[in-house]
Q: 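I am attaching a structure below and will ask some questions about it afterwards.
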Amino acid sequence: MMPSQPAVAGLPAANAMLPVLATITQIQAEAPGIATYTLEFQDPAWRSAYRFRPGQFNMLYLPGIGEVAISMSSDAEAPQPLLHTIRSAGNVTQAISRLKVGQAIGVRGPYGSHWPVEAARGGDVIFVSGGIGLAPLRPAICSVIRHRADYGKVTMLVGARTPADLLYPGEYESWRQHDIEMLVTVDRADETWHGRVGVVPLLFYALWPDPLRTTLFSCGPEIMMRFVVYEALARRFPKDRLYVSLERNMKCAIGFCGHCQFGPAFLCKDGPVFTYAQVEPFFGVEEF
Ligand SMILES: Cc1cc2nc3c(=O)[nH]c(=O)nc-3n(C[C@H](O)[C@H](O)[C@H](O)COP(=O)(O)OP(=O)(O)OC[C@H]3O[C@@H](n4cnc5c(N)ncnc54)[C@H](O)[C@@H]3O)c2cc1C
């Protein structure tokens, strides 16, 4: 039996494979090859009922071209309009990069597991991102900022290949103003850069985290997350408080097709957010 469209309470259960139309109302260039798309559902019922949780993703569809999994990058407590930050990688994402304001895109979702921002309340939080990995973390950052008094020390470790590749740099100052310690690094500096140079996991050497009261959320290239986990484990973080968001080639997003199988799990319905304890045996095993 075909499962029904998930988690959009208050709307009639639709065919799980049927996208609904959303209009692009704004396109914001972020970094070379990366832009943020503001999407507004055309159907007012979807506009008012659609909800998602930080870390979840939608499948974005272009007729005749295909579908891609893209995380929400906006504030989950202001679910419309939706923001998706997209890197032009291949067939579908390149076609999306040619769309203009006013054009429509198919959306189905939300799908997947989420960053447990509520469970992290009462303790410290470390966000670790590399490159476009900051996009799926942004809704969790928005949530922590909305409920800032419920958290202890909040630290962000942000990295990118070059200064031009940093995502959302215009927001870092406002995050600092919400008492978030920002440590930013780039792999390769240019003449404009006066900050840190080096890979993201090295930023751990500037921290003194308390592993027993800290939850860590990480998203970025898998090689980066492997070293992040290594540094965190070396500081005795419990494996079940280290969260990683993983990417695999995805097709149906509802646990049917098996494209995104990850050990015994399906990334689309059991992930993309996992604890390290859940994925340890398979972490670092490449897709084939
Ligand atoms: C849960 C999830 C959330 C994601 N969130 C975002 C996001 O917020 N922003 C964003 O820009 N991208 C995100 N991605 C990645 C995005 O789905 C892929 O870049 C996209 O599917 C590429 O499709 P394409 O048709 O443009 O490229 P293709 O022509 O299909 O592929 C281009 C190249 O990328 C590889 N590739 C395709 N899909 C993936 C993948 N999922 N992981 C690794 N390599 C892949 C292909 O093997 C090929 O080498 C996410 C992926 C997942 C699984």
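Counting convention: from 1, in listed order, for ligands and their atoms alike. Only a predicted model underlies this, so the values are computations on that prediction, with no experimental measurement involved.
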Q: Could you list which atoms of ligand 1 come closer than 4.0 Å to a heavy atom of Val92?
A: 24 (P), 25 (O), 26 (O)
Q: Between the candidates Ala69, Ser113, Ala95, Pro221, which shows the shortest non-hydrogen contact distance to atom 4 (C) of ligand 1?
A: Ala69
Q: Please compare Gly90, Ser73, Pro136 and report which has the shortest non-hydrogen distance to atom 28 (P) of ligand 1.
A: Gly90
Q: Below 4.0 angstrom from a heavy atom of Arg87, which ligand 1 atoms are there? Numbered from 1 as shown, please.
A: 10 (C), 11 (O)
Q: Under 4.0 Å from any heavy atom of Phe57, which atoms of ligand 1 are there?
A: 1 (C)
Q: Out of Thr85, Ile86, Leu134, who is nearest to atom 9 (N) of ligand 1 when you count heavy atoms only?
A: Thr85
Q: Side chains of Glu231 and Tyr205: donor-acceptor distance under 3.5 Å anywhere?
A: yes
Q: Between ligand 1 and Gln94, is the shortest N or O to N or O distance under 3.5 Å?
A: no
Q: Closer than 4.0 angstrom, basic N to acidic O: yes or no for Arg213 and Asp124?
A: yes
Q: Show the atoms of ligand 1 that are less than 4.0 angstrom away from any heavy atom in Thr93.
A: 24 (P), 26 (O)
Q: A quick test of your reading: do over 12 heavy atoms of other residues, nucleotides or ligands sit less than 6.0 Å from CZ of Arg176?
A: yes
Q: Quick one: are Ser73 and Tyr37 in side-chain contact, heavy atoms under 4.5 Å?
A: no
Q: Report the part of Ile132 (side chain from C-beta onward, or backbone N, CA, C, O) that has a heavy atom under 4.0 Å from ligand 1; answer both or neither where that applies.
A: side chain
Q: Taking the ring centre of each residue, are Tyr243 and Phe274 less than 6.0 Å apart?
A: no
Q: Should Arg226 and Glu222 count as an ion pair when the cut-off is N to O under 4.0 Å?
A: no
Q: Rounded to the nearest 0.5 Å, what's the gap from CG on Leu82 to CD1 on Ile24? Could you check?
A: 12.0 Å
